[in-house]
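Both backbone and side-chain heavy atoms feed into the values below; hydrogens, waters and symmetry mates do not.
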Amino acid sequence: MTEPAQSPRFEPEPERPVDDAGDGDGKGIYWVLKNVVVGPPVKRIFRPKVEGAENIPDVGPAIIASNHLSYADWIFMPLVLRRRVTFVAKSDYFTGAGIKGRFQRGFFKGTGQVPIDRSGGSASEGAIKAGLKVLERGDLFGIYPEGTRSHDGKLYKGRTGVARLALEAKVPVIPCGVIGTDVVAPPGKVVASFASPTVKFGEPLDFSRYDGMEGDRLILRAVTDEIMYKIMELSGQEYVDMYATKAKSLEGRATTGAPKKVRKSDT
């Protein structure tokens, strides 16, 4: 149910939360969906496995940073936890009209989503503010540092928004490796297999040694790389030191034979 670098700014996310992001509404809806409507049949059919759930604190704020293989990641990861995890979702899901629109608003708010406006503005600053608001409530904030789903099952370079958020909020980061969701629901498929995905949570990462350094581009990169290394250990994926968006673009050009366009961010 949820991104090139110039000092002192961190690498921007491609989405901007709207003003009412992360207001905490819909907890009752979330409980019903998780424990009555959606959760029980999904658990019964797919039998997801979880490792390291004890690394999730019973109370208090924390960031859960995960790899991203499938749209199903935001279903299975929160499903194996007792606490609600807040992610981000397109703002379109919160503004629809009619019966369908009302259902979408209720579903995405209830499942802990933060509305994201993809049009213009300071996307990176907006994302940080939304995450801080969730963490200030004492909740769990889920984030995919790669910024987009992996198109080939590999783990790609993380965007540094996760690092700045961790340092500004002064909260731990819990690495998460999701395995098998790309088999259950690969790109373009709603459900392709009833395989059992696995969700692994690592020990919380403490970055308090970098307090006050959230404006240092090199520190943000070091923190992000440490997080991605832990995610790689949990997921078992091959790591590629390239942003997923660039890798997808290069693959698309190779397929179509189009010439590569060199941008300043690629140099």
Side-chain angles (χ1 to χ4, degrees), residues 1-3 13-15 17 21-27 30 33-34 38-39 42 48 50-53 55-91 93-94 107-116 126-150 155 158-166 168-169 171-179 181 185 197-205 223-224 227-228 230-231 234-235 244:
M1 333 251 192
T2 185
E3 300 114 353
E13 314 281 338
E15 303 175 328
D23 57 12
D25 289 343
K27 290 185 178 180
Y30 174 79
L33 289 172
K34 181 176 179 178
V38 177
V42 169
V50 59
E51 298 179 18
N55 291 316
I56 304 297
D58 292 331
V59 295
I63 298 169
I64 300 180
S66 177
N67 60 328
H68 199 13
L69 295 172
S70 165
Y71 81 88
D73 296 336
W74 60 260
I75 297 176
F76 287 107
M77 190 258 271
L79 192 61
V80 301
L81 296 178
R82 180 182 60 82
R83 297 180 62 186
R84 184 168 82 157
V85 184
T86 297
F87 289 93
V88 295
K90 292 189 299 183
S91 60
Y93 293 134
F94 297 79
F107 179 82
F108 282 94
K109 279 193 174 184
T111 50
Q113 309 309 295
V114 173
I116 294 294
I128 290 296
K129 289 179 180 178
L132 287 172
K133 189 172 182 179
V134 172
L135 295 167
E136 286 169 358
R137 294 201 309 260
D139 293 342
L140 299 175
F141 186 72
I143 189 169
Y144 300 113
E146 292 169 278
T148 187
R149 284 177 288 177
S150 173
L155 183 69
R159 301 284 183 174
T160 58
V162 62
R164 180 175 166 190
L165 184 59
E168 286 204 9
V171 300
V173 177
I174 301 167
C176 174
V178 180
I179 304 169
T181 52
T198 299
V199 184
K200 297 182 179 181
F201 298 99
E203 295 183 1
L205 303 175
V223 169
T224 303
I227 294 169
M228 299 309 294
K230 293 297 182 181
I231 294 175
L234 292 165
S235 68

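Looking at every heavy atom in both residues, Arg84 comes nearest to Leu140 through O-CB, 3.7 Å. Taking both residues in full, the closest heavy atoms of Leu165 and Gly131 are given as CD1-C, 3.9 Å, listed atom of the first, atom of the second, then distance. Listed here is the closest heavy atom pair of Val173 and Ala65: CG1-CB, 3.9 Å. Nearest heavy atoms, Ala169 versus Leu132: CB-CD2, 3.6 Å. When all heavy atoms are compared, the tightest approach of Pro175 to Leu234 is O-CD1, 3.4 Å. Closest heavy-atom contact between Pro145 and Met228: CB-SD, 3.6 Å.
Looking only at side-chain heavy atoms (C-beta outward), Val171 and Phe141 stay at 4.5 Å or farther from each other. Using a 4.5 Å cut-off on side-chain heavy atoms (C-beta onward), Val178 and Phe76 make no contact.
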Next on the checklist: side-chain contact (heavy atoms from CB on, under 4.5 Å), that's the test. Do Cys176 and Val199 meet it? Break it down for me.
Outcome noted: CA-CA 7 Å; Cys176 174; Val199 184; 3.7 Å; yes

Next on the checklist: Between Tyr144 and Arg149, is the side-chain contact (heavy atoms from CB on, under 4.5 Å) condition met? List the steps.
Outcome noted: CA-CA 8 Å; Tyr144 300 113; Arg149 284 177 288 177; over 6 Å; no

Next on the checklist: side-chain contact (heavy atoms from CB on, under 4.5 Å) for His68 and Thr181? Distances and angles first, verdict last.
Outcome noted: CA-CA 9 Å; His68 199 13; Thr181 52; over 6 Å; no

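In this structure, CD1 in Ile174 is found 3.5 Å from CD1 in Ile56, a value given to the nearest 0.5 Å. The CE atom of Met77 sits 11.5 Å away from atom CG of Leu79, with the distance rounded to the nearest 0.5 Å. Taken to the nearest 0.5 Å, the NZ atom of Lys133 stands 12.5 Å off from the CG atom of Leu135. Separation of atoms CZ (Arg159) and CZ (Arg164) is listed at 15.5 Å; rounding is to 0.5 Å. For the atom pair Ile227 CD1 and Ile143 CD1, the distance stands at 8.5 Å (nearest 0.5 Å). Here the CG-NZ distance, from Asn55 to Lys200, works out to 13.0 Å after rounding to the nearest 0.5 Å.
Ser70 places a side-chain N or O within donor-acceptor distance of the main-chain N or O of Ala185, the cut-off being under 3.5 Å.
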